[in-house]
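One structure below.
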Amino acid sequence: MVFFSKQRVKKDITTKDFYFGFPEAEGENIEGQSLTDYFEDFLDVMNELSKGRFIFIGRKGVGKSAIAKYIKDISDITDNAHAALLRISDFDTENVLQKNNIESNSALMFEWLILINIVKLIVKSQAGKYTLEFQKLEKFLERNTGSVEIDKFETNEVFIKTGGEINFEVLTHAFGGILKKHFDSKTKKAPYYRLITPLKEIVKKILSFDVIKEHEFCLLFDDLDINYSIDNKECNDNIIELLRIARNYNNEVFNVGNAKILVFIRKDINDVIVSRYNDSAKLINSYGIDINWYCNDFNENRVPLKKMANKRIELNFNKFAISYNKNDAWSSLIQTNWNEYKKSSFKYVLDFTFYRPRDIITFLDTISKDDYSYPIDHFTLKKILKKYIQITTTEIKSELSLYFSEEEKELLFSQVFSFIANNNNIKLEDIKDLISSFGFDIASEKVVDILLAYNLLIYKQENGNLIINYREDNIGIYDKDNLYLCLHKCLYHYYKTIYY
């Protein structure tokens with residue numbers, strides 16, 4: 001039994017054998033691992049769906065895509081749940097249609113995308129397969145194979161050649177009462193956009209069937225930031241149009257059954273939309289779900305980010321049959337207290353993060369890249385944090401691309417942030433003057449506002465207390481003339497050695 005003893009397994013296993021998940025939700029599923037193993041709704045955001053909300057809003061890295069992917073993954077292994085992930089990053093189809101004299105606009109394309117995908121989910125579910133209505137919907141998809149693939153936003157030769165026409169003859173047998181309100185009895189084909197209204201009525205009728213109500217259907221719009229440009233009117237118009245249409249479908253069509261459209265949007269993009277469209281603030285306030293992981297609980301084991309970390313650590317210890325502290329797996333991976341420091345190791349690490357799951361997962365993933373013995377001591381932890389900082393800083397640069405050019409980002413990191421890291425008692429006017437001297441395309445006041453919104457710049461009181469956006473209910477109550485500006489700890493130590 002020497003070869004198979006648990007003692008030998010423990011001795012040989014290092015942190016390099018662990019897998020804590022992947023910072024990008026799309027990469028969580030690897031052989032033997034799945035996002036469904038790691039995911040848990042620690043913020044109880046899913047409960048907000050029952051209140052009619054459907055727009056998930058949060059900074060990049062707070063877990064929006066993880067929620068979308070989890071819903072999709074669960075639907076793949078659950079008989080009565082069905083979901084489709086949809087993206088609008090490639091919207092060339094609209095231009096293709098227009099060039100071929102096929103009437104189109106973003107509103108029409110979004111409605112078609114929604115209707116065709118909900119029909120596909122219903123047919124795929126096999127719910128109500130013995131009803132005439134179901135059978136005719138299935139035939140409708142088969143009859144228009146090729147044309148209905150326009151819902152994938154791909155250039156579709158069949159669709160183009162037919163002038164965007166859809167054959168709906170097969171539907172007349174089950175939905176004649178609906179169709180005759182829109183077409184005469186001889187019409188069997190029509191441009192896709194003329195089918196939107198009757199197809200909407202058909203979907204509403206199907207969703208109201210008791211047998212269909214036993215199932216849940218979900219359309220997930222994610223990755224709205226791909227190919228997004230802040231100054232591109234079409235990009236912004238598309239997003240607000242999608243939000244309006246999603247609201248209308250959820251309230252007027254899908255409300256008869258268990259179907260819903262969910263939209264996942266970055267907070268910085270959401271802020272742009274709110275600033276440019278009159279009805280957007282009311283829409284977001286009514287239907288938005290803010291994802292904020294900040295928690296100031298005295299008991300850190302109740303902090304959602306700590307619970308998330310512990311779950312991922314536990315999975316690895318259990319996988320290799322390694323004994324650990326069942327009340328706090330973190331303490332078995334990383335020494336939790338050092339007498340000379342006031343904070344636990346978790347809160348120490350948390351100060352280097354932006355209170356996002358991605359930060360914690362990136363930190364744990366950094367641990368798994370090398371052979372470390374555990375529990376990890378403070379000296380080793382500082383080396384790991386330095387690597388984590390390098391990775392996170394790269395991601396920050398990517399995030400800032402929404403507002404700044406490559407040259408401007410280089411100036412921020414080589415000049416502005418470096419200056420702040422190497423000087424104390426810097427006031428707002430000092431930073432604005434420095435930024436103005438480099439000739440950014442954006443006004444210096446706006447640059448500062450952006451950096452504060454991302455928590456890269458932080459206000460500091462004279463006594464050293466930090467005023468950080470994600471933990472303040474109303475940062476406007478402070479007199480900014482009496483505050484200093486400093487860098488977030490993660491960014492500060494990009495320039496400065498971690499001594500303690």
Side-chain angles (χ1 to χ4, degrees), residues 14-30 33 35 38 58-66 69 223 225-226 266-268 291 293-294 305-306 308-309 312-313 316 330 333-334 345-372 374 376-404 406 409-410 412-414 416-418 420-421 451 453-458 468 470 487-499:
T14 70
T15 56
K16 201 167 186 177
D17 297 292
F18 295 159
Y19 177 73
F20 297 107
F22 197 71
E24 295 284 347
E26 292 80 2
E28 289 270 33
N29 291 4
I30 63 171
Q33 307 287 347
L35 179 61
Y38 296 101
R59 185 178 174 183
K60 190 175 182 179
V62 298
K64 300 183 300 299
S65 291
K69 190 174 188 307
D223 288 343
D225 57 326
I226 296 180
R266 271 172 48 174
K267 185 180 184 305
D268 47 9
I291 305 176
W293 286 79
Y294 178 73
L305 284 173
K306 178 73 175 289
M308 184 202 75
R312 291 172 181 254
I313 296 168
N316 283 278
W330 177 282
L333 180 66
I334 302 170
S345 60
F346 174 74
K347 289 189 175 179
Y348 178 80
V349 169
L350 203 56
D351 284 345
F352 288 86
T353 76
F354 294 87
Y355 276 81
R356 305 176 302 180
R358 176 174 295 179
D359 302 325
I360 297 297
I361 297 170
T362 298
F363 169 74
L364 292 173
D365 187 53
T366 304
I367 291 176
S368 69
K369 292 291 194 296
D370 287 294
D371 290 304
Y372 299 114
Y374 41 86
I376 294 166
D377 59 33
H378 185 60
F379 176 76
T380 305
L381 179 59
K382 288 192 291 185
K383 293 195 299 183
I384 295 169
L385 280 170
K386 194 64 180 176
K387 295 178 181 178
Y388 155 82
I389 288 169
Q390 294 294 322
I391 297 169
T392 302
T393 303
T394 300
E395 293 178 354
I396 290 170
K397 291 178 180 179
S398 173
E399 198 170 10
L400 289 175
S401 297
L402 185 67
Y403 291 100
F404 303 106
E406 292 300 316
K409 286 190 293 182
E410 175 60 29
L412 284 174
F413 279 85
S414 65
V416 179
F417 295 152
S418 177
I420 299 172
L451 299 179
Y454 283 115
N455 300 302
L456 302 179
L457 290 186
I458 294 173
I468 306 176
Y470 51 69
L487 296 179
H488 186 283
K489 191 168 186 176
C490 176
L491 196 53
Y492 175 80
H493 286 292
Y494 177 72
Y495 301 95
K496 296 292 187 178
T497 302
I498 304 173
Y499 288 111

key: Heavy-atom donor-acceptor pair, Thr15 side chain to Ile367 backbone, under 3.5 Å   = yes
| query | Does Lys386 reach the main-chain N or O of His493 with its side chain, forming a donor-acceptor pair under 3.5 Å? | reply | yes
**OP:** Find out whether Leu412 and Leu451 are in side-chain contact, i.e. whether some heavy atom of one side chain is under 4.5 Å from a heavy atom of the other.
**Re:** yes
Closest non-hydrogen contact found for Gly61 with Pro357 is O-CD, 3.4 Å
Discussion item. Within the structure provided, determine whether Glu399 and Arg266 are in side-chain contact (heavy-atom separation under 4.5 Å).
Written reply: yes
Correct closest heavy-atom pair for Ala66 and Leu35 would be O-CD2, 3.5 Å
Rounded to the nearest 0.5 angstrom, the OH-CD1 distance for Tyr372 and Ile334 is 11.0 Å
- Tell me, do Leu491 and Phe354 make a side-chain contact under 4.5 Å, heavy atoms counted? no
Rounded to the nearest 0.5 angstrom, the OH-CD1 distance for Tyr492 and Ile420 is 12.0 Å
Practice item. Please step through ring-ring contact (aromatic ring centres under 6.0 Å, His included) for the pair His488 and Phe352, ending with a clear verdict. Key: CA-CA 8 Å; His488 186 283; Phe352 288 86; 8.4 Å; no
- Side-chain heavy-atom pair Asn316, Leu333 within 4.5 angstrom cut-off: no
Checking side-chain contact (heavy atoms from CB on, under 4.5 Å) for the pair Ile361/Phe20: CA distance, chi angles, key distance, verdict? CA-CA 7 Å; Ile361 297 170; Phe20 297 107; 5.6 Å; no
Q: Report the C-alpha distance between Ile458 and Leu487 in whole Å, list the side-chain angles of each, state the deciding distance to 0.1 Å, and finish with yes or no for side-chain contact (heavy atoms from CB on, under 4.5 Å).
A: CA-CA 6 Å; Ile458 294 173; Leu487 296 179; over 6 Å; no
Exercise for the section: Using a strict 4.0 Å threshold on nitrogen-to-oxygen distance, state whether Lys387 and Asp370 make a salt bridge. Expected result: yes
Side chains of Cys490 and Thr353, heavy atoms from C-beta outward: is any pair under 4.5 Å?
no
### Message
Using the rule given for side-chain contact (heavy atoms from CB on, under 4.5 Å), can you reason through Asp359 versus Leu350, listing the C-alpha separation, both sets of side-chain angles and the distance that settles it, and then say yes or no?
### Response
CA-CA 9 Å; Asp359 302 325; Leu350 203 56; over 6 Å; no
Value for CG (Leu364) from NZ (Lys369), rounded to nearest 0.5 Å, stands at 11.0 Å
Looking only at side-chain N and O atoms, does Thr380 offer a donor or acceptor that is under 3.5 Å from a partner on Asp377? yes
**Item:** Parallel, tilted or perpendicular, as decided by the 30° and 60° cut-offs, for the rings of Phe363 and Trp330
**Value:** parallel
Point to revise | Glu406 with Lys397: basic N within carboxylate O range, under 4.0 Å | key: no
Practice task
Taking the side chain as every heavy atom from C-beta outward, state whether Met308 and Arg312 have any pair of such atoms under 4.5 Å apart.
Solution key: yes
OH of Tyr495 to OG of Ser414, rounded to nearest 0.5 Å, is 7.5 Å
request  = Could you walk me through whether Asp223 and Ile226 pass side-chain contact (heavy atoms from CB on, under 4.5 Å), step by step?
outcome  = CA-CA 6 Å; Asp223 288 343; Ile226 296 180; 3.6 Å; yes
Note: Leu456 and Phe417 closest approach over all heavy atoms is CD1-CZ, 4.2 Å
Scanning both residues in full, the closest heavy-atom pair of Arg356 with Leu305 reads C-CD2, 3.8 Å
Worksheet item: Under a 4.5 Å cut-off applied to non-hydrogen side-chain atoms, are Tyr454 and Lys267 in contact?
Response: no
With a 3.5 Å distance limit and no angle check, can you tell me whether Arg358 reaches the backbone of Lys60 through a side-chain donor-acceptor pair? no
| Is the side chain of Asp365 donor-acceptor paired with the backbone N or O of Phe22 at a distance under 3.5 Å, no angle test? | no
task: Check the pair Phe18 / Tyr374 against ring-ring contact (aromatic ring centres under 6.0 Å, His included), numbers first and verdict last.
output: CA-CA 12 Å; Phe18 295 159; Tyr374 41 86; 5.6 Å; yes
Sorted by chain and residue number, the ring-ring contact (aromatic ring centres under 6.0 Å, His included) partners of Tyr403 (sequence neighbours excluded) come out as none
Using modelled atom types only, decide if a donor and an acceptor are shared between the side chain of Thr392 and the backbone of Ile389 within a distance under 3.5 Å.
-> no
Discussion item. For a 4.5 angstrom cut-off between non-hydrogen side-chain atoms, does Ile360 reach Tyr355?
Written reply: no
Review point. Taking the six-membered ring of Phe404 as reference, does the NZ or CZ atom of Lys409 fall below 6.0 Å from its centre and within a 45° cone about the axis?
Key: no
